[in-house]
Amino acid sequence: MIALYNAQDADGYVEHMTDTACEATYRGAVLRDGREGVRSGLKAMFAQFPQNRADILASWRLGDTVVLHETVSRAPDGEQFDVMSIYSFSGDKVDRVEFIR
């Protein structure tokens with residue numbers, strides 16, 4: 001999924017998500033609701049930041065949950081920040097992603 005994200009392939013990215021998947025802040029507000037909400041939100045972000053990229057620094061898996069420590073950069077010389085992304089799965093599809101920033 002990160003390779004698809006870095007290729008700015010929102011359509012390919014959401015193919016790995018359930019129809020009701022969402023992206024949210026950790027234990028907080030939903031940022032993008034449903035597969036179509038994630039798709040449109042990513043497309044808008046990629047349009048705003050055409051050089052956006054996430055690099056995985058570390059990853060952990062426990063049961064149906066995957067946690068990634070990522071560094072995100074909006075542009076090669078632009079804003080950079082660390083994110084912990086918590087991916088919850090339903091079967092082989094992502095059902096929820098929560099971000100700690």
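Side chains are part of it too, since the values below use all heavy atoms of this structure and drop only hydrogens, waters and symmetry mates.
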Please give me the minimum heavy-atom distance between [X] and [Y], naming the atom from each residue.
{"X": "P76", "Y": "Q51", "value": "CD-OE1, 3.1 Å"}
{"X": "Q8", "Y": "P50", "value": "NE2-O, 3.0 Å"}
{"X": "V94", "Y": "A21", "value": "O-CB, 3.5 Å"}
{"X": "V14", "Y": "R35", "value": "O-NE, 3.2 Å"}

Check: Going through the distances and angles, do W60 and V66 end up as a side-chain contact (heavy atoms from CB on, under 4.5 Å)?
Finding: CA-CA 6 Å; W60 300 268; V66 173; over 6 Å; no
Look up atom [atom1] in [X] and atom [atom2] in [Y], then write down how far apart they are to the nearest 0.5 Å.
{"X": "I56", "Y": "T71", "atom1": "CD1", "atom2": "OG1", "answer": "10.5 Å"}
{"X": "S88", "Y": "E98", "atom1": "OG", "atom2": "CD", "answer": "6.0 Å"}
{"X": "T25", "Y": "L31", "atom1": "OG1", "atom2": "CG", "answer": "5.5 Å"}
{"X": "D33", "Y": "T20", "atom1": "CG", "atom2": "OG1", "answer": "8.5 Å"}
{"X": "S85", "Y": "M1", "atom1": "OG", "atom2": "CE", "answer": "10.0 Å"}

Next item on the list: Report the C-alpha separation of L4 and H16 in whole Å, then their side-chain angles, then the decisive distance to 0.1 Å, and conclude whether the side-chain contact (heavy atoms from CB on, under 4.5 Å) test is met.
Entry: CA-CA 10 Å; L4 294 164; H16 296 278; 3.6 Å; yes
Item checked: Sequence neighbours excluded, every pair satisfying salt bridge (charged side-chain N to carboxylate O under 4.0 Å, His left out) that has a member inside residues 36-45 -> D11-R39, D11-K43, E36-R39
Margin query: Please list all pairs meeting salt bridge (charged side-chain N to carboxylate O under 4.0 Å, His left out) that have one or both residues in residues 66-93, counting only residues at least two apart or in different chains.
Written below: E79-R101
Next item on the list: With sequence neighbours excluded, tell me which residues meet ring pair (Phe, Tyr, Trp, His ring centres under 6.0 Å) with Y26.
Entry: none
Check: With sequence neighbours excluded, what pairs up with Y5 under the ring pair (Phe, Tyr, Trp, His ring centres under 6.0 Å) test?
Finding: F46
Notebook entry, point to check: Listed by chain and number, what are the side chain to side chain donor-acceptor pair (under 3.5 Å) partners of R32, not counting sequence neighbours?
Noted result: E23
Next item on the list: Would you please name every residue forming a side chain to side chain donor-acceptor pair (under 3.5 Å) with D95, sequence neighbours left out?
Entry: T18
With a cutoff of under 4.5 Å between side-chain heavy atoms, which Ile, Leu, Val, Met, Phe, Trp and Tyr residues group with [X]?
{"X": "L57", "answer": "none"}
{"X": "L62", "answer": "none"}
{"X": "V30", "answer": "none"}

Next item on the list: Find out whether M84 and L68 are in side-chain contact, i.e. whether some heavy atom of one side chain is under 4.5 Å from a heavy atom of the other.
Entry: no
Note to self: Could you tell me if the side chain of I100 sits less than 4.5 Å from the side chain of I86, heavy atoms only?
What the structure shows: yes
Notebook entry, point to check: Is there a path from V97 to F49 through hydrophobic residues (I, L, V, M, F, W, Y) whose side chains come within less than 4.5 Å of each other?
Noted result: yes
Next item on the list: List in chain and number order the residues that pass side-chain contact (heavy atoms from CB on, under 4.5 Å) with S73, two or more places apart in sequence or in another chain; answer none if no residue qualifies.
Entry: R53, Q80
Check: Can you pull the ring pair (Phe, Tyr, Trp, His ring centres under 6.0 Å) pairs that have at least one residue in residues 63-101, sequence neighbours excluded?
Finding: none
